Protein chains: 2
Amino acid sequence: MFIFVRMHSTVKKSRKVQIEEKATTLFREKGYAATSMRDLAQVLGIEAASLYSHIKSKEELLQKICFRMADRFFDAWKEVETEQNSYAAKMQKAAIAYVQVITQNTDASAVFFNEWRHLSEPHLSKFLSMRNDYEGRFIEIIEKGIAAGEFQQVDSKFMMLAILSSLNWTHNWYKPNGKLSPEDVANKLSNLILNGLKK
Amino acid sequence: MFIFVRMHSTVKKSRKVQIEEKATTLFREKGYAATSMRDLAQVLGIEAASLYSHIKSKEELLQKICFRMADRFFDAWKEVETEQNSYAAKMQKAAIAYVQVITQNTDASAVFFNEWRHLSEPHLSKFLSMRNDYEGRFIEIIEKGIAAGEFQQVDSKFMMLAILSSLNWTHNWYKPNGKLSPEDVANKLSNLILNGLKK
DNA sequence: TCCTGTTGCTAACGAGCGTTAGCATGTTTA
DNA sequence: TAAACATGCTAACGCTCGTTAGCAACAGGA
């Protein structure tokens, strides 16, 4: 057995982690409801019943994926709080932090954005309130930016939705091995948001 | 029996149309895979087996919803072709036409954007090629706008994705009876796209 | 009046679902 | 060496799935 975590490539992943990873991929590709435990078992080369030696339920997998992503987004926000110059700069930092989380976890992001509605209570409510919290942080930046005279006078909630939706979409096309780094993507997007398409 | 189509409110809808409408709502709320024919039958007050006097299969419902939306998007594009002034104006017209289709069909839009992957072949391929066609039209406007010196020099495909994603998101929050008209939404969004958030 | 179309039912089909029980094997830890 | 853990199996549970067969009631048009 290897010593725990030496290099990424040589880590022996626990079966549980392997299951979670394959589940993430499958949930992304086929959707949560359309992915069966037998599908999941098959890609791991075991029987469906064997999965239950490692996990509690199918939904537990979804919960792990969704709330782990939520944690990553909140963690990334710490970067935003360090920014003290302008609200434009703060918005840019928020976009960069956000896009970085997405591009570093494209499969989990897709599940996070598309499959959360299959969470049961009370997880669903918790998820929605976290999302609400996060969206509020973007609204706050926009509103303070308007008050400070930096931004156009726009409907802040409306603008938050437009901005986040273009950031959220990133997981659908971003290729981790492509020519664009997460920073490139985030910078291009925040440039579009702040300055628009026109010259 | 009423004469066919006199007023919206007094039209006697065929059972088939009623089924398609309820299916659209359910597919939107629960997702295609998680919606059962028994669910659908229940909201109509009939037995699941009775549905099959009117429709061929569950997937046929999804196909109808998806391709009817696709038709609406292509229809709406005719408006864009009439615009001859500037590429900014053309982009604005495209955004308006697009958002109008979405806001006038929020449930069907949600299904169109989220459930298309459950289409089987050859419908899936047809769907994807139509989407590709449509995206290409946005790319063309962006590229010609850049060539004409109207737009910043940006990656046109990247920009198309960012723009469409913020338009696509509209169905998630738009309230048909709210204070914003489809035109309002479209104008605000195209203003953001063209001019950005900054003053 | 007969025909055709619309609408709906009950009963049932084979298949797949998530999950549990109970057991076996090998590996690590004490 | 013994206990504990990790990993996997077969068999099966109760349930739901989409769908079909066959039949019945009623409407509108010829």
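Side chains included, hydrogens not; waters and symmetry mates left out as well; all remaining heavy atoms used. Note that the structure is predicted; figures quoted are calculated from it, not measured. Order of the sequence lines sets the chain letters (A, B, ...), proteins ahead of strands, with each chain counted from 1.
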(Q) Under 4.0 Å between a side-chain nitrogen and a carboxylate oxygen: does that hold for A:Lys16 and A:Glu20? (A) no
Q. Using Watson-Crick pairs (N1 to N3, plus N6-O4 or O6-N4) and G-U wobble pairs, both distances under 3.5 Å, which stems of at least 3 pairs involve DNA chain C?
A. C:4-30 with D:1-27
Q: Sequence neighbours left out, what passes side chain to side chain contact (heavy atoms under 4.5 Å, CB included) with A:His54? Give chain and number order.
A: A:Arg15, A:Ile19
Q | B:Leu51 CG to C:dT7 P, straight-line distance once rounded to whole Å | A | 12 Å
Q) Reading nucleotides 17-23 of chain D 5' to 3', which nucleotides get B (base under 4.0 Å from a protein heavy atom), which S (sugar-phosphate only), which -? A) BBBB---
Q: Please work out which of the three classes, parallel, tilted or perpendicular, describes the rings of A:Tyr98 and A:Phe113, given edges at 30° and 60°.
A: tilted
Identify each donor-acceptor pair in which a side-chain atom of residues 42-52 of chain B lies under 3.5 Å from a protein atom, sequence neighbours left out, and give them as a table.
none

Q: Please name all residues satisfying ring-ring contact (aromatic ring centres under 6.0 Å, His included) with A:His118, sequence neighbours left out, ordered by chain then number.
A: A:Tyr32
Q: Please name all residues satisfying ring-ring contact (aromatic ring centres under 6.0 Å, His included) with B:Tyr174, sequence neighbours left out, ordered by chain then number.
A: none
(Q) How many whole angstroms separate atom CG of A:Leu61 from atom C1' of C:dG18? (A) 12 Å
Q. What's the NZ-P distance between A:Lys16 and D:dC5, to the nearest Å?
A. 14 Å
Tell me which donor-acceptor pairs under 3.5 Å the side chains of residues 131-138 of chain B have, and how far apart each pair is, sequence neighbours excluded?
residue, atom, partner, partner atom, Å
B:Asp133, OD1, B:Arg137, NE, 2.9
B:Tyr134, OH, B:Phe73, O, 3.2

Q.
In whole Å, I'd like the distance from the CD atom of A:Glu47 to the C1' atom of D:dC9.
A. 7 Å
Q: Go through the structure and list residues passing side-chain hydrogen bond (donor to acceptor under 3.5 Å, both in side chains) with A:Asn187, not counting sequence neighbours.
A: A:Gln92
Q.
Restricting to side chain to side chain contact (heavy atoms under 4.5 Å, CB included), what partner residues turn up for B:Lys93, sequence neighbours left out?
A. B:Glu79, B:Thr82, B:Glu83
Q: Mind jotting down which residue pairs meet the salt bridge (Lys or Arg N to Asp or Glu O under 4.0 Å) criterion with at least one end in residues 155-176 of chain B? Sequence neighbours excluded, please.
A: none
Between the protein and nucleotides 4-6 of chain C, list every N/O to N/O distance that falls short of 3.5 Å.
none

(Q) Once salt bridge (Lys or Arg N to Asp or Glu O under 4.0 Å) is applied, what residue pairs with a partner in residues 104-116 of chain A remain, sequence neighbours excluded? (A) A:Arg28-A:Asp107, A:Glu115-B:Arg117
Q) D:dC9 C1' sits how many Å from A:Leu44 CG, rounded? A) 15 Å
